[in-house]
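Input: a single structure, listed below in C-alpha cells.
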Amino acid sequence: MSYQRTEWAQLPTEAREAVERHTGQVLSARSAETGVMSAFAGMLDTRHGSVFVKAVPTDSPTAWVHRHEARVTAVAPLAPALLWQAEGGGWSLYGYGALAGRPPSFATGSQDLRPLVYALTVASGHPWPIEISKKPLSDRLARFVPPGGEGALDGRTPAHTDAGEFNLLVTGPVSGFSTGRCPVRGRSGRTLPCWCPG
C-alpha cells in the first residue's frame, strides 16, 4: 500500500498541535521526496532545531508498520533516534532525529560500499530485541530455500529486508539506516546478498 503524500498544512489541526507539544512551533516544513509507506513524511524546522516526522492515519491498515519501525529504531544501532510518539486528530505521528545525508550509490567501485558494509555488519552484530515480535526471516523466505538449506536463515540478529538506496543514508564516512521498517530476526549477514553488486 502506498499513499499520496499529505502536506504538513493539510494535517488536522489536532495532529499538528500534538507534534508541536514535542517540538515547539514549527517554522517550516519540507515533505520527503521518496518513500511510499507514510501518508506524511517530512523535515520540520523549529526554533529548537529540525526533526524528521512520519505520520499515518491511526486506523490505516499499515499503522502497525510504523509502530514496529518505531520500536525497532529505538534500539537499533546506527539508526536515527526515536525522539517521541504522538496521537492527534486521528493520526499517529513519530518524531526522529534529523540526519544530514544522502542515498548511497550501489555502483561497482562506489566509495559508499565500504561504509555500507560496515553499517550492515554493525547492525547484524546486535541481538534481536526479544520483546519485539515479528515473523523471522527463515519463515518469511522459507518457500525460496532449496531442499537441504533449512536453517540457513535462522538466527537472532537483525536482518534488513529492504536495504534499498532510499532506506539507507551516507552521512560522511559512516552509513546508517534511514528507516527501521523492514528489519526482521535472522542470521547475521543475511542482508548483504540482497544489494551487493556482482
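Nearest heavy-atom pair across G97 and P80 is O-CB, 3.6 Å. Contact record, A55 with L93: CB-CD2, 3.7 Å, taken as the closest heavy-atom pair. Contact detail for A70 and L82: the closest heavy-atom pair is O-CD2, 3.4 Å. The shortest heavy-atom contact between S110 and S105 is OG-O, 3.0 Å. Across every non-hydrogen atom of T58 and A63, the tightest pair is O-CB, 3.6 Å.
L44 and Y94 are members of different hydrophobic clusters when ILVMFWY side chains are connected at heavy-atom separations under 4.5 Å.
Pairs passing the salt bridge (charged side-chain N to carboxylate O under 4.0 Å, His left out) check and including a residue from residues 84-93, sequence neighbours excluded, do not occur.
Residues passing the side-chain hydrogen bond (donor to acceptor under 3.5 Å, both in side chains) test with E17: none are found, sequence neighbours excluded.
The backbone N or O of A41 sits nowhere less than 3.5 Å from a side-chain atom of S38 that would complete a donor-acceptor pair. Between the side chain of S31 and the backbone N or O of E7, no donor-acceptor pair lies under 3.5 Å.
Residues Y96 and V51 are not in side-chain contact: their nearest non-hydrogen atoms beyond the backbone lie 4.5 Å or more apart. At least one side-chain heavy atom of P12 sits less than 4.5 Å from a side-chain heavy atom of W91. Counting heavy atoms from C-beta on, the side chains of K54 and E69 come closer than 4.5 Å. R30 is not listed as a side-chain neighbour of W8, based on a closest heavy-atom distance of 4.5 Å or more.
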Per-pair distances, 0.1 Å, donor-acceptor, side chain in residues 18-28, under 3.5 Å, sequence neighbours excluded:
unit_1, atom_1, unit_2, atom_2, d
E20, OE2, V26, N, 2.8
T23, OG1, V19, O, 3.4
S28, OG, D45, OD2, 2.9

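Separating the CG atom in L11 from the CZ atom in F40 is a distance of 6.0 Å, to the nearest 0.5 Å. In this structure, the separation between CZ on R71 and CD on Q85 is 9.5 Å, given to the nearest 0.5 Å.
More than 12 non-hydrogen atoms from other residues, nucleotides or ligands lie less than 6.0 angstrom from CD of Q10.
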